[in-house]
2 protein chains.
Amino acid sequence: MREVTGPLLDIGDEAPNPQQLGAYFTLMEAVSLLQHQVEQQLRAEGDLSSVQFQILTSLAAANGRLTMTQLADGVVYSRSGLTYQAGLLERAGLITRGPNPEDERATLVTISEKGLALVNRILPGHIKVVRRLLLEPMSDDDLHHLGDIMTRVRDHMRAQPPRSAAPRKRSPRSDSPPRATATTDTAGGGEASE
Amino acid sequence: MREVTGPLLDIGDEAPNPQQLGAYFTLMEAVSLLQHQVEQQLRAEGDLSSVQFQILTSLAAANGRLTMTQLADGVVYSRSGLTYQAGLLERAGLITRGPNPEDERATLVTISEKGLALVNRILPGHIKVVRRLLLEPMSDDDLHHLGDIMTRVRDHMRAQPPRSAAPRKRSPRSDSPPRATATTDTAGGGEASE
DNA sequence: CTCTGTTGCTTCGAAGTCGAAGCACTACCG
DNA sequence: CGGTAGTGCTTCGACTTCGAAGCAACAGAG
C-alpha cells in the first residue's frame, strides 16, 4: 500500500495537456452512454442489436446490396462476427445472401422488403433518441464544428496505416471501395434536404 | 427485389437535417475506429483489454480505491461483467478486493503497486495512440470546442432519466418493470484530467 | 494450362458480455 | 426486537465476439 497525496497517474513525456486528455475521456464516456441508450431503444422497438441495425442501414443506404467485405468495412466489425450476424438476420428474413455474379467467391447481401420495412419502422425512434441525447444540448454551431472535426478525424484514421505492420499481408483499404459505406450520409439522401 | 432510384431510407417526421445525421454517424464511426486501435495497442503493450485499462485508470484517478458500483458506473459497464474482469485483474495481481469497513456488503477494490506500475508503463503508449489518431488532426480550437461539447452532452445524458422509470426507492408498489440501465449517479470516478 | 499467391467468406474454439436470479447485509417501520 | 424493503455484489446460463484455421474462387507468371 501507499500513502498517496499526489496523483497516482504519471503521464510520460508525451504528456498532452489536461484539456486534451479531458476531451478524450469525456468523448469516450459520452459515446459509451449514447451507444448504451441506443442499444436499449433498438432492442425495445425492433428487437435488433446495434450491429444488426447498422448492417441494415448500411445496406439500405447502398441501394440494398453489398458484399460481406464492404459491409464489414463500413461497420468496423470482424468478418466472422458479421457472418454470425448475417446468419441471424437471414434467419429472421430481413436479408438474403446470394452469389455475386461478378465474383463467385463473394457473397452478395441484399436487404429484403421486410428488412427495409423494419428499418423504416424503427428509424424514427432511433433518431428521436439521438436527437434527445446528443443533438439537444448542441447548438447549430456546435453541430457544424463537431461534424467537421469528426469527419477530419475519421478520414485521418482511415488513411493511417495499420501501424506495426500486419503479421502477414494487409489489404490496402485505401482506394478499393470508395465510400461504399456512405457513412457520412447513411440516411442522408432523403428529402430531408433543408 | 426492387429497382430503386431514390433513397430506400425514409426518415420520419422527426427528420433532422442531413448535417445532424452526418455528424452523428461520423462521430460513431470515428470513435469505433479509435476504440479498435486503442484495443490493439493496450493488448500489445500490456496485455490488457480496454475495459481492464479503464478499470485500472479509474482506480488510479480515484486515489487507488473504489467500490464495485462506483467502478461500474464510471466505466459504463454491467455489474456482472465488472465482477468477471475484477476476477481476472485480481488473479493477475493488479488489484485486490476487500471488505468495505463502512458498508459490509460492498466490496472495496484497490489497485496494487503492480497494477499502478503497469498503468504507468502503458499509459504513454496509450496516449501516443490517442494523440496520433485523434488529436493530430485537430487544432487547439477544435479541441476546446470538442471538449466543451462533449462535456455538455455527457452531463446532459447523465441527467436524463432512463426513460422507463427505474424502481427507485419511491415506489410504494414496485411492479419491477424491465429496467434498462443503472440509474445510480455515483459521480465518484472522475477522469484522469491532470 | 497449371502452379502459386491472394482474396472472400465461413467454421471453430475460446473468451467476453449481459440480464436474471440469488445471497448477504443495511435501513426503515411498527 | 422482528419484518420487509432496498442495496451491493456474485453466480449462472445464454448469447455474442474475435482470431485462427480452413475452403473455394480469382489472378498472374511461366
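So that the names make sense, note that chain A is the first sequence line, chain B the second, and so on, each numbered from 1.
- Checked against side chain to side chain contact (heavy atoms under 4.5 Å, CB included), H145(B) has the following partners two or more places apart in sequence or in another chain: D141(A), D142(A), H145(A), I149(B).
- If you check dT10(D), dC18(D), dG16(C) against the side chain of Y77(A), the one that comes closest is dC18(D).
- Every residue two or more places apart in sequence or in another chain was checked for a side-chain hydrogen bond (donor to acceptor under 3.5 Å, both in side chains) with Q35(B), and none qualifies.
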Extract from the structure each pairing of a protein N or O with an N or O of nucleotides 23-26 of chain C at less than 3.5 Å, listing the distance.
{"unit_1": "dT26(C)", "atom_1": "OP1", "unit_2": "E104(B)", "atom_2": "N", "d": "3.3"}

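- Under the rule for a side-chain hydrogen bond (donor to acceptor under 3.5 Å, both in side chains), N100(A) has no partner lying at least two apart in sequence or in another chain.
- Recorded end-axis angle for the helix from dC1(C)-dG30(D) to dG30(C)-dC1(D) stands at 20°, based on five pairs per end and rounded to 10 degrees.
- Residue side chain S80(A) reaches the base of dG19(D) through a donor-acceptor N/O pair under 3.5 Å, judged by distance alone.
- Looking at the side chain of Y84(B), the nearest of the listed nucleotides dG16(C), dG8(D), dC9(C) is dG16(C).
- Clustering of Ile, Leu, Val, Met, Phe, Trp and Tyr by side-chain heavy atoms under 4.5 Å joins L108(A) with none of the others.
- Residues passing the side-chain hydrogen bond (donor to acceptor under 3.5 Å, both in side chains) test with D148(A), sequence neighbours excluded: R152(A).
- For S80(B), the side chain to side chain contact (heavy atoms under 4.5 Å, CB included) partners are S78(B), not counting sequence neighbours.
- Among the nucleotides dG19(C), dT10(C), dG19(D), the one closest to any side-chain atom of S78(B) is dG19(C).
- The nucleotide whose nearest atom lies closest to any side-chain atom of T83(A) is, among dT17(C), dT11(D), dC9(C), dC9(C).
- Partners of T69(A) by side chain to side chain contact (heavy atoms under 4.5 Å, CB included), not counting sequence neighbours, listed by chain and number: T67(A), R79(A).
- Under the ring pair (Phe, Tyr, Trp, His ring centres under 6.0 Å) criterion, the residue pairs touching residues 102-144 of chain B are Y24(A)-H126(B), F53(B)-H126(B), with sequence neighbours excluded.
- A heavy atom lying under 4.0 Å from DNA chain D marks none of the residues of residues 46-53 of chain B.
- Residue pairs satisfying the ring pair (Phe, Tyr, Trp, His ring centres under 6.0 Å) criterion with at least one member in residues 80-104 of chain A, sequence neighbours excluded, are absent.
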